J.: 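This is the structure I have questions about; it appears just below.
Owing to the predicted nature of the structure, the values given are computational and were not obtained by experimental measurement. Sequence lines set the chain letters: A, B, ... in the order given, protein chains first and strands last, and positions in each chain run from 1.
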Amino acid sequence: MNVFALVEARIADALKALKSEGFFNDDLALPNVEAEVPRDASHGDVASNIAMVLAKPAKTKPREIAEAIKGKLEGGDDIEAVSVAGPGFLNVTLAPSYWQNLVASILKQGSAFGQPDLGQAKKVNVEYVSANPTGPMHVGHCRGAVFGDALANLLEFVGYDVAREYYINDAGGQVDVLARSVHLRYREALGEDIGAIPEGLYPGDYLKPVGATLAKAHGRTFVDAPEADWLAVFRSSAIDAMMDMIRDDLAALNIRHDVFFSEASLTANGNDGVKAAVDVLANKGLIYKGTLERPKGHEGEDWEDREQTLFKSTDFGDDEDRAIQKSDGSYTYFAGDIAYHLNKLERGFLHLINVFGADHVGYISRMKAAVKALSEGKADLDIKVCQLVKLFRGGEPVKMSKRAGTFVTLRDVVDEVGRDPVRFMMLYRKNDASLDFDFAKVTEQSRDNPVFYVQYAHARAASVFRRAREAFPELTADSKSVLEADLSQLKDPADLALIKRLAFFPKLVQSAARAHEPHRVAFYLYDLASEFHGLWTRGNDLPQLRFIHEDDESLTAARLALVAATQTVLSAGLGVLGVEAPEAMR
RNA sequence: GGCCCCGUAGCUCAGUCGGAUAGAGCAUCAGAUUCCUAAUCUGAGGGUCGCGCGUUCGAAUCGCGCCGGGGUCACCA
């Protein structure tokens with residue numbers, strides 16, 4: 001039980017006792033007790049606003065309630081002091097022994113520390129990246145990829161059963177264009193001069209090897225053959241090649257998926273999963289023929305007023321109904337996505353998370369409407385939007401143009417900056433705020449980069465153990481002497497401040513997981529690293545705060561226990577972010 | 001024009017479920033290393049939380065209306 005849960009439970013007990021003694025009316029419903037960190041450490045270790053919450057329903061002054069609770073809490077195990085402050089805050093200070101014992105508890109739990117069973121092994125589906133299989137990943141995909149991966153890690157960390165999915169858009173017109181582009185490269189590989197790549201086809205050199213492979217496999221068979229003969233073959237090898245490339249790019253960022261779900265598979269093998277999904281909605285009376293109004297801002301002349309097959313998404317909070325079929329009768333992308341999400345539901349997922357880029361925000365409300373309709377409100381879909389990443393180099397924006405071939409790929413960024421800084425920077429910002437990414441800042445001025453700051457803290461902890469080995473070879477992080485050290489020696493305020501920061505980790509991880517916000521972990525790690533660096537340097541002035549005392553093995557063991565606990569939490573947090581926790585920085 | 005995101009120190013950004021005197025980094029200024037890695041630390045200055053109204057015992061946080069920046073808006077994916 002973490003410290004907040006402990007205090008919450010104590011207060012809840014106190015409320016029950018007060019109620020049975022007639023302090024409150026019998027019909028008063030006792031609310032959930034919430035405890036948090038007070039803004040100012042001088043207010044105590046844990047604070048609760050429960051008295052103010054209860055004031056109105058109990059028709060009693062908040063301070064009066066707080067005083068009554070205080071009376072019940074005082075003298076309890078591990079509680080050193082209770083005070084009432086301000087309008088009615090209840091401030092609780094825990095005994096040093098409680099904090100000292102926590103260090104042992106962290107070491108005992110190891111990497112399991114901070115994993116409250118929030119998820120209870122419930123199944124969660126996280127869909128992220130889902131970039132079109134028409135080329136290498138560009139830098140714009142980077143943020144959503146890292147975010148989705150870290151979010152999946154986070155949910156796994158708190159006990160969810162997470163499936164990481166990638167939806168391959170391999171069924172639309174784009175992949176036919178891809179196949180045609182590859183056909184040109186195929187002819188080129190056979191010696192033909194294809195000239196400039198025509199407008200509308202994919203010009204990238206990355207298609208050359210695909211053409212060459214097809215040339216080797218099929219010779220000249222398809223050079224003058226009608227498109228119908230080769231389209232499917234070329235499409236499928238092109239998609240395979242692109243997905244291999246994308247998987248490599250993702251691997252460079254340490255990102256993996258459990259499921260690559262093919263859009264085309266929905267309608268393969270004689271099944272029509274899209275029609276089936278549309279039928280599900282039709283059976284609920286949610287599909288109809290109708291016309292949409294021309295959008296206000298749409299002044300273009302290419303607007304056609306025509307009847308379409310529509311999904312009544314406005315019944316579920318969308319702004320307008322959405323098209324299911326194109327003018328040629330084939331299904332829209334949205335129809336396929338409905339089928340995919342029905343598939344997720346059929347696989348037993350009631351918690352769905354999609355990670356979108358900012359350019360897809362307009363898609364959110366229809367997707368939520370679809371899931372609401374398909375699941376009859378039983379499933380929840382959260383859509384996390386990653387805002388755009390703007391690239392800079394030394395303060396100057398990096399201009400990108402696909403035509404000029406100057407667009408920056410994900411691989412470019414990883415190669416130049418490194419995996420860990422890329423991941424950390426992408427997570428060192430709220431997902432829905434736009435992000436300026438400056439190559440110069442992340443590389444040249446690496447001193448200012450928070451990722452090194454956090455990693456350095458971990459490396460320093462490792463370094464202490466390397467040094468300690470010289471004086472006390474037996475004092476390893478997992479040794480009995482360290483695990484069972486006399487922790488009452490950790491009594492300096494700086495020691496206790498670090499321990500309290502460690503104690504916050506479980507609550508932090510829980511709230512980050514609930515909010516689906518992995519960036520909170522990154523900021524926490526920065527704060528924790530700061531606390532540790534501070535304690536380290538304080539050893540300059542106060543020798544008793546140094547970690548190694550060659551003339552005192554017992555004290556060294558206790559201080560090493562604190563270092564090990566810090567290292568454990570840093571490592572766990574970095575693990576959630578998918579950033580390496582190095583043993584050394586040089 | 002509709003919808004979504006953002007607006008907090010000179011700059012880049014945190015701010016937990018509505019809580020106490022709004023925080024950090026950078027930059028500026030002043031300091032710290034015979035000693036576990038100075039990729040570190042200590043201190044100082046710096047604020048109309050875009051503006052207004054409302055809800056509340058209490059608002060950076062919630063609601064409404066403005067202002068500014070960005071994204072997006074039948075049929076593509």
J.: Can you see whether A/Asp420 engages A/Gln455 through a side-chain donor-acceptor pair at a distance of less than 3.5 angstrom?
T.: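 Judged by distance alone, the side chains do pair up.
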J.: Could you point out which residue of A/Leu6, A/Val46, A/Leu90 forms a side-chain contact (heavy atoms from CB on, under 4.5 Å) with A/Ile11?
T.: A/Leu90
J.: Can you tell me which nucleotide in B/C41, B/A77, B/C57 comes closest to the side chain of A/Asn132?
T.: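 Given the options B/C41, B/A77, B/C57, the side chain of A/Asn132 is closest to B/A77.
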J.: In whole angstrom, what separates A/His533's NE2 from B/U40's P?
T.: 7 Å
J.: Between A/Phe147 and A/Tyr128, is the gap from one ring center to the other below 6.0 Å?
T.: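 So the answer is no for these two rings.
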J.: Atom CG of A/Leu178 to atom P of B/A77: distance rounded to whole Å?
T.: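 After rounding, the reported distance stands at 14 Å.
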J.: Would you tell me if any nitrogen or oxygen in the side chain of A/Lys326 comes within less than 4.0 Å of OP1 or OP2 on B/A77?
T.: yes
J.: Do we see a donor-acceptor contact under 3.5 Å between the side chains of A/Asn354 and A/His341?
T.: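 Side-chain D/A pair, A/Asn354 to A/His341: present.
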J.: Provide, to the nearest angstrom, the distance between the CE atom belonging to A/Met425 and the P atom belonging to B/U12.
T.: 13 Å
J.: Hey, does A/Ala55 reach any base, or is it just sugar-phosphate, or nothing, if we go heavy atoms under 4.0 Å?
T.: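 Here A/Ala55 touches no strand at all.
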J.: Answer yes if the side chains of A/Asp382 and A/His516 hold a donor-acceptor pair under 3.5 Å, and no otherwise.
T.: yes
J.: In whole Å, measure the gap between the C1' atoms of B/C26 and B/A14 for me.
T.: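 Rounded to whole Å, the distance is 14 Å.
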J.: Check the distance between B/C3's P and A/Ile364's CD1 and give it to me in whole angstrom.
T.: 15 Å
J.: Using only heavy-atom distances, determine whether the side chains of A/Asp45 and A/Thr93 contain a donor-acceptor pair under 3.5 Å.
T.: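 Absent: no donor and acceptor within the cut-off.
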J.: How far does the P atom of B/C13 sit from the matching atom of B/A32, given to the nearest Å?
T.: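 Approximately 34 Å lies between the P atom of B/C13 and that of B/A32.
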J.: Would you indicate what A/Ile548 reaches in the nucleic acid, counting non-hydrogen atoms under 4.0 angstrom: base, sugar-phosphate, or nothing?
T.: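 Here A/Ile548 touches the bases of the nucleic acid.
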J.: For A/Tyr363, check ring pair (Phe, Tyr, Trp, His ring centres under 6.0 Å) against everything at least two apart and list the hits.
T.: A/Tyr333, A/Phe334
J.: If I take atom CD in residue A/Gln387 and atom C1' in nucleotide B/G69, what distance separates them, rounded to the nearest angstrom?
T.: 12 Å
J.: Just checking A/Asn540: base, sugar-phosphate only, or nothing, at a heavy-atom cut-off of under 4.0 Å?
T.: base
J.: Taking the same atom, P, in B/A59 and in B/G46, what whole-Å distance lies between them?
T.: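 Going atom to atom, P in each nucleotide, I get 25 Å.
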J.: What string of B, S and - do you get for nucleotides 13-22 of chain B, 5' to 3', if B is base contact, S is sugar-phosphate-only contact and - is no contact with any protein heavy atom under 4.0 Å?
T.: SSSBB-BB--
J.: Can you tell me which stems RNA chain B forms when a stem means 3 or more consecutive Watson-Crick or G-U pairs under 3.5 Å?
T.: B:1-7 with B:67-73, B:10-13 with B:23-26, B:28-32 with B:40-44, B:50-54 with B:62-66
J.: Considering only the C1' atoms, how many Å lie between B/A39 and B/U33, rounded to the nearest integer?
T.: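 Rounded to whole Å, the distance is 15 Å.
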J.: Can you see whether A/Thr134 engages A/Asn132 through a side-chain donor-acceptor pair at a distance of less than 3.5 angstrom?
T.: no
J.: If you measure from the C1' atom in B/G71 to the same atom in B/A27, how many Å do you get, rounded?
T.: 31 Å
J.: Over how many whole Å does the gap from A/Leu555 atom CG to B/C36 atom C1' extend?
T.: 13 Å
J.: Return whichever of A/Thr537 or A/Glu263 has its heavy-atom-nearest nucleotide of RNA chain B closer to the 5' end.
T.: A/Thr537
J.: Using the P atom as the point on both nucleotides, what is the distance between B/G65 and B/C4, in whole Å?
T.: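 Comparing P positions in B/C4 and B/G65 gives a spacing of 11 Å.
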J.: Which whole-number value in Å describes the distance from A/Glu64 CD to B/C57 P?
T.: 18 Å
J.: Ring-plane angle category for A/Tyr166 and A/Phe260, please: parallel below 30°, perpendicular beyond 60°, tilted otherwise.
T.: tilted
J.: Against the six-membered ring of A/Phe316, is A/Lys372 placed for a cation-pi contact (under 6.0 Å from the centre, within 45° of the normal)?
T.: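 Pair A/Lys372/A/Phe316 does not count as cation-pi.
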J.: Over all strands shown, is A/Thr332 touching base, sugar-phosphate only, or nothing at heavy-atom distances under 4.0 angstrom?
T.: sugar-phosphate
J.: Taking the same atom, P, in B/A44 and in B/U56, what whole-Å distance lies between them?
T.: 40 Å
J.: Using the closest heavy atom to pick a nucleotide of RNA chain B for each, name whichever of A/Leu388 or A/Gln174 lands nearer the 5' end.
T.: A/Leu388
J.: How would you label the contact of A/Gln308 with the nucleic acid (heavy atoms, under 4.0 Å): base, sugar-phosphate, or nothing?
T.: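 A/Gln308: backbone/sugar contact only, no base atoms under 4.0 Å.
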J.: Taking the P atom of each, how far is B/G23 from B/G47, in whole Å?
T.: 13 Å
J.: Any side-chain donor paired with an acceptor under 3.5 Å for A/Thr309 and A/Lys289?
T.: yes
J.: Given atom CD1 of A/Ile239 and atom C1' of B/A77, what is their separation to the nearest angstrom?
T.: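 In whole Å, B/A77 C1' and A/Ile239 CD1 are 13 Å from each other.
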